[in-house]
Amino acid sequence: MRDLKTILEVPAAATLVAKNRTADENGAGVDLQGFEGAVFLINVGAEGDVPSGTLFADYEAEESTDDVTYTDVANADLINESGENAGTMVRIDAAAEAPKSYLVGYIGTKRYVRCVYNITGTHTTGTPASVDVIKGFPRKAPTAA
């Protein structure tokens, strides 16, 4: 068995803190300096509104070199993404998709990443959700004693 603790930065960095969401929101930037990889951990609670093709939520990955100007991550730089649009990691548009947790790997080269929560339709009740970034493959290991 191989040890993951020494190659992961734990606790994870929150880009979208846990709360009930009814509107679009830009997550906080997460600095990946000193690491060669990252994974987004998307935790989606039970939907308060019935998701459909006209009522859905997208969890999108963005990247930046300066933590100021962000652009969508190319799908080629995401592992296990939904393929809906550039940068879309997960789209929740059916009841079977929540509550659930999703892992999406980032293999891009930018220093900063964040998650953007975008909704389509009117979300009156909202959905509890959070997104963390777990940094991995440190240039200097172990990350913790």
Check your understanding: Which atom pair, heavy atoms only, marks the closest approach of Ile92 to Ala98?
Key -> CG2-CB, 4.3 Å
Check your understanding: Do Glu97 side-chain atoms and Ala94 backbone N/O form a donor-acceptor pair below 3.5 Å?
Key -> yes
**Study point:** Nearest heavy atoms of Pro128 and Asn20, plus distance in Å
**Key:** N-OD1, 3.2 Å
Practice item. Measure the spacing between OG1 of Thr127 and CZ of Phe56 and express it to the nearest 0.5 Å. Key: 13.5 Å
Check your understanding: Does the Ser82 side chain pair with the main chain of Glu84, one donor and one acceptor, at a distance under 3.5 Å?
Key -> yes
Check your understanding: Say you draw a straight line from CD of Glu81 to CE of Met89; how long is it, rounded to the nearest 0.5 Å?
Key -> 10.5 Å
Exercise for review: Identify which one of Leu8, Val30, Ile7 satisfies the side-chain contact (heavy atoms from CB on, under 4.5 Å) criterion when paired with Lys135.
Suggested key: Val30
Exercise for review: Indicate yes or no for a side-chain donor-acceptor contact from Asn118 to the backbone of Ala57 under 3.5 Å, with no hydrogens or angles considered.
Suggested key: no
Review point. When Cys115 is tested against each of Thr15, Asp132, Asn26 for side-chain contact (heavy atoms from CB on, under 4.5 Å), which residue passes?
Key: Thr15
**Study point:** Donor-acceptor contact present, side-chain Thr88 to main-chain Val90, <3.5 Å
**Key:** no
Check your understanding: Do side-chain atoms of Asp49 reach the backbone of Thr125 as a donor and acceptor pair under 3.5 angstrom?
Key -> yes
**Study point:** Flag, side chain of Asp31 to backbone of Gln33, donor-acceptor distance under 3.5 Å
**Key:** yes
Practice item. Ignoring hydrogens and angles, tell me if any N or O in the side chain of His123 forms a donor-acceptor pair with the backbone of Gly48 under 3.5 Å. Key: no
Check your understanding: Are Leu16 and Val44 co-members of a hydrophobic cluster defined by side-chain heavy atoms under 4.5 Å apart?
Key -> yes
Point to revise | Close aromatic pair by centroid cut-off 6.0 Å: Phe137 and Phe35 | key: no
Exercise for review: Identify whether the distance between the nearest side-chain nitrogen and carboxylate oxygen of Lys19 and Glu25 falls below 4.0 Å.
Suggested key: yes
Check your understanding: How close do Val17 and Ser130 get, heavy atom to heavy atom, and via which atoms?
Key -> C-CB, 4.1 Å
Exercise for review: Look at the side chain of Asp66 and the backbone N and O of Thr69, then say whether any donor-acceptor pair between them is shorter than 3.5 Å.
Suggested key: yes
Practice item. Following the transitive rule for hydrophobic clusters with a side-chain heavy-atom cut-off under 4.5 Å over Ile, Leu, Val, Met, Phe, Trp and Tyr, establish whether Tyr70 and Val73 coincide in one cluster. Key: no
Practice item. Assess whether side chain to side chain contact (heavy atoms under 4.5 Å, CB included) is satisfied between Glu36 and Arg139, documenting all intermediate values. Key: CA-CA 7 Å; Glu36 298 293 330; Arg139 291 186 187 119; 2.5 Å; yes
Review point. Leu41 and Ser101: which non-hydrogen atoms are nearest, and at how many Å?
Key: CD1-CB, 4.5 Å
Check your understanding: What is the distance from atom CZ of Phe40 to atom OH of Tyr59, rounded to the nearest 0.5 Å?
Key -> 13.5 Å
Check your understanding: When rounded to the nearest 0.5 angstrom, what is the spacing between CD1 in Ile119 and OG1 in Thr22?
Key -> 6.5 Å
Exercise for review: Give the intermediate values and the outcome of side-chain hydrogen bond (donor to acceptor under 3.5 Å, both in side chains) for residues Tyr106 and Glu63.
Suggested key: CA-CA 10 Å; Tyr106 173 73; Glu63 60 188 358; 2.6 Å; yes
**Study point:** Within-4.5 Å side-chain heavy-atom neighbours: Thr65 and Arg111
**Key:** no
Check your understanding: Between Leu32 and Lys110, is a side chain to side chain contact (heavy atoms under 4.5 Å, CB included) present by the stated rule, with each step listed?
Key -> CA-CA 8 Å; Leu32 300 179; Lys110 300 293 190 323; over 6 Å; no
Exercise for review: Is it possible for you to say whether Val116 and Tyr112 belong to one hydrophobic cluster, with membership spreading through side-chain heavy-atom contacts below 4.5 Å?
Suggested key: no
Point to revise | Approximate separation, where rounding is to 0.5 Å, of Arg114 CZ and Glu60 CD | key: 10.5 Å
**Study point:** Closest non-hydrogen atom pair between Leu55 and Val50, with its separation
**Key:** CD2-O, 2.9 Å
Point to revise | Shortest non-hydrogen separation from Asn80 to Val104 and the atoms involved | key: O-CG2, 3.7 Å
